[in-house]
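Reviewing the structure listed below.
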Amino acid sequence: MTQNTRYIFFSGKGGVGKTTMACATAVHSARQGKKTLIITTDPASNLADVFETEIGHQIRPLGIPNLWGMEIDPDRATEEYKERILGPMREIMPESVLQVLEEQFRSPCTTEIASFDRFVDFMTEEASDGGGNYDTVIFDTAPTGHTIRLLELPVDWSRHIEESAKGSGNTCIGPVASIQENKKKYDEATRLLGDPERTEFIFVLQPEETSLYETKRSSEELATIGVKNIRLIVNGILPEEVCDHPFFKRRFEMQKHYLSRIEKEFPVPTRRMLLRDGEIKGIPALESIAADLFAENGHAPSWKIDTASAEKIVQLAEGAYRTGKDGEERTLNASADILQMIRPEKGRTKMVFFTGKGGVGKTSVACSAAYATAAAGYRTLLLTTDPAAHIGRVLERAVDDKVSPVKGVTNLWATIVDQEKALEEYKARILDDARKKYSEGMLAAVKEELESPCTEEMAAFDKFIGYVEQDTYEVVIFDTAPTGHTLRLLELPFDYGEQVGLMVTTTDAAREVKMETQKRFDRVIARMKDPERSIFAFVVYPESTPVVEAYRAMLDLKAAGIPTQFVVANQVLSPEYCTNEFFIRRRRMQEKYLREIRTRFGLPLVLMPLFDTEIIGMDMVRKAAEALAPSLGSTESPAVTVGDML
């Protein structure tokens, strides 16, 4: 058994290429002869898609010697966790006690702690399949905000177990006596996170404002929990030699500006990766990435960009334009007008939820859609439930947890769900209500329960549904967290009422609280399932992973009784700018997935073009809004129109 396992965490803003860089690093480590395990903690994992093999909730070999992988499944982890705690009690505890414990495990935080507990197994030596069996354990984590939450949990849960031992001896994840060993495990994970010889934390970012901002903020947060060994990979850099069109020259200059800032603002080891002209999937492609990522040649690419002849470019372009039947082309080319689908009707508030894989541009689309409805004369509220909130950066306006008008835009207000403040408000409200209803003994039980780390999730959800219930605005636009976390948010109503009931100890009181919360949730769920009141839309890049993830999530929403109404394909390349083989290949890849979106989803498709600069600031938000909603008026932006694609 290895005693000096190295732990490498990959994180960063969604869509920057974390999984690709993590997988390439895993392949490189395995090729060096090191026993390597790559694990994903992302609820919407695409590890299997990148390796082009089934993985799932068990350790599996990944096609080359010394390499294994696992995707932590939250539901499976929950069942395993419950059985590990309850199993030893089944033969010694009376049925009535077991029923109470089973009830406790229905709390919303059980899924979080179970996934987290499984994750910690791979940072300790004790578990039979734990980190001690490998030379290198690589964690491909969820987007940054959720990663920070994950890494803070060892400290939070260790403290909660310690405090509960002094009080009732119970926690929302089981009796203290049965999980005391977990505290040792969490303490060890905390120690390892702070050991620079054993743990390395790699931020993947792209040379853009929001990615740079999030990396800076998150690296500072990591420092507060003792993480010292931080490195960077700057991904998606445009090769200078392919930027011959003025459009891409402007994007190249923009990237140069941010590369210079990254160099100045992050005095840590940094590697750079050039954008490829196609997707990265399968072992050979990952080995090509690893060759560049770990090159000794100053990051010069191992692959070459062909300089295509004019004749070859014409042939490629014609192949791209002429594929498919004429009728199919006209259908595929058409871009729906987002305003026609989200405008309110019958004087009732319409809620619009934008979701999708991290980094596909949900925030930019949400801000632009909110601008469009406000410009059309509708009172609009824009809010984000994403822990890594960026709407203020996109709007270039101060946005906090108080609803405030957006300066310079009539009819538009904005706010964020600040988890820390939501937690304070939630605790105060629950305790104030408990003081009016319960005895001192029951009040003490409520106070202890509220100190559970999972209360933060419940508080954020409680704040979220408060906005769902509002009828103050004509349109409420939600910029949600990445897909897996959004689905978790929408599942909470089905178990959150149970947890509220557990905060009191008498049957009558518990029943009363549950009835009150259940009525509230029934109203919220009915509103979210009503297509006249709520719209769910997926934002995707026209690439494999975002499309596959969105489709899976659409089916999950459908199973919950929530229909999806449209899809936004973001950063679509305009053909007029694709004048060399590199970008023609990228555009052909996009066309392939635009067809797939049409076929798979069978929904209206809104096309958002790639602009020559970021969507930052009100001028760019206006241009993006006009591209999404041509009915607002003409636009100078390179909107994708009928006849542009294919």
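Note: hydrogens, waters and symmetry copies are ignored here, and every other heavy atom, side chains too, is used. Please read all numbers here as calculations on a predicted model, not as lab measurements.
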- Message: Before you tell me yes or no, could you show the steps for Ser288 and Arg276 under side chain to side chain donor-acceptor pair (under 3.5 Å), namely the whole-Å CA-CA distance, both residues' side-chain angles and the distance that decides it to 0.1 Å?
- Response: CA-CA 11 Å; Ser288 172; Arg276 299 297 178 97; 3.1 Å; yes
Just by modelled atom types, is the [Y] backbone N or O under 3.5 Å from a matching donor or acceptor in the [X] side chain?
X      : Y      : answer
Ser260 : Lys256 : no
Glu279 : Glu543 : no
Ser219 : Lys216 : yes
Arg271 : Leu293 : yes
Thr270 : Leu232 : no
Gln255 : Gly236 : yes
His57  : Asp73  : yes
Asn229 : Pro196 : yes
Thr384 : Asp479 : yes
Thr613 : Phe611 : no

Would a 4.5 Å heavy-atom cut-off, applied to side chains only, mark [X] and [Y] as touching?
X      : Y      : value
Ile64  : Ile283 : yes
Cys23  : Thr19  : yes
Thr40  : Ile72  : no
Ile391 : Ile416 : yes
Leu67  : Phe51  : yes
Ile138 : Phe10  : yes
Phe536 : Met554 : no
Ile8   : Thr136 : yes

Euclidean distance, [Y] [atom2] relative to [X] [atom1], rounded to 0.5 Å:
X      : Y      : atom1 : atom2 : answer
Asn570 : Phe354 : CG    : CZ    : 11.0 Å
Thr215 : Gln206 : OG1   : CD    : 10.5 Å
Glu209 : Glu614 : CD    : CD    : 6.5 Å
Ile39  : Ile59  : CD1   : CD1   : 6.5 Å
Lys249 : Glu240 : NZ    : CD    : 9.5 Å
Arg587 : Ser574 : CZ    : OG    : 9.5 Å

- Taking the six-membered ring for Trp, are Phe139 and Phe9 parallel (under 30°), tilted (30 to 60°) or perpendicular (over 60°)? parallel
Determine, for [X] against [Y], whether the closest basic-nitrogen to carboxylate-oxygen distance falls under 4.0 angstrom.
X      : Y      : answer
Arg231 : Glu200 : yes
Arg586 : Glu591 : no
Arg272 : Asp292 : no

- Regarding Lys34 and the six-membered ring of Tyr134, is the cationic atom NZ or CZ under 6.0 Å from the ring centre and inside 45° of its axis? no
- May I ask you to check whether over 12 heavy atoms, not counting those of Glu220, lie within 6.0 Å of atom CD? yes
- Over 12 foreign heavy atoms within 6.0 Å of CD, Gln32: yes
- Message: Check for me whether the distance between the ring centres of Phe583 and Tyr577 falls short of 6.0 Å.
- Response: no
- Message: Which residue is it: Leu238, Asn235, Val242, Ile237? I am looking for the one with a side chain to side chain contact (heavy atoms under 4.5 Å, CB included) to Leu275.
- Response: Leu238
- Result for side chain to side chain contact (heavy atoms under 4.5 Å, CB included) between Phe266 and one of Leu212, Val234, Ile230 points to Leu212
Considering non-hydrogen atoms only, spot the tightest contact between [X] and [Y] and give its length.
X      : Y      : result
Glu71  : Ala48  : OE2-N, 3.2 Å
Pro542 : Val572 : CG-CG2, 4.4 Å
Ser368 : Met608 : OG-CE, 4.1 Å

- Message: Pair Ile597, Arg595 - check side-chain contact (heavy atoms from CB on, under 4.5 Å), show working.
- Response: CA-CA 5 Å; Ile597 293 167; Arg595 283 195 198 88; over 6 Å; no
- Query: Can you list the steps and then say if Met70 with Ile38 is a side-chain contact (heavy atoms from CB on, under 4.5 Å)?
  - Reply: CA-CA 7 Å; Met70 179 180 179; Ile38 181 168; over 6 Å; no
- Quick one: do Arg198 and Tyr7 satisfy side-chain contact (heavy atoms from CB on, under 4.5 Å)? Show the steps, please. CA-CA 6 Å; Arg198 301 283 300 279; Tyr7 304 99; 3.8 Å; yes
- Could you tell me which residues satisfy ring pair (Phe, Tyr, Trp, His ring centres under 6.0 Å) with Tyr551, sequence neighbours excluded, listed by chain and number? Phe601
- Task: May I ask you to check whether Ser544 and Lys281 show a side-chain donor-acceptor distance below 3.5 Å?
- Result: yes
- Asp612 vs Phe252, side-chain contact (heavy atoms from CB on, under 4.5 Å): CA-CA, chis, key distance, verdict: CA-CA 9 Å; Asp612 60 1; Phe252 178 76; over 6 Å; no
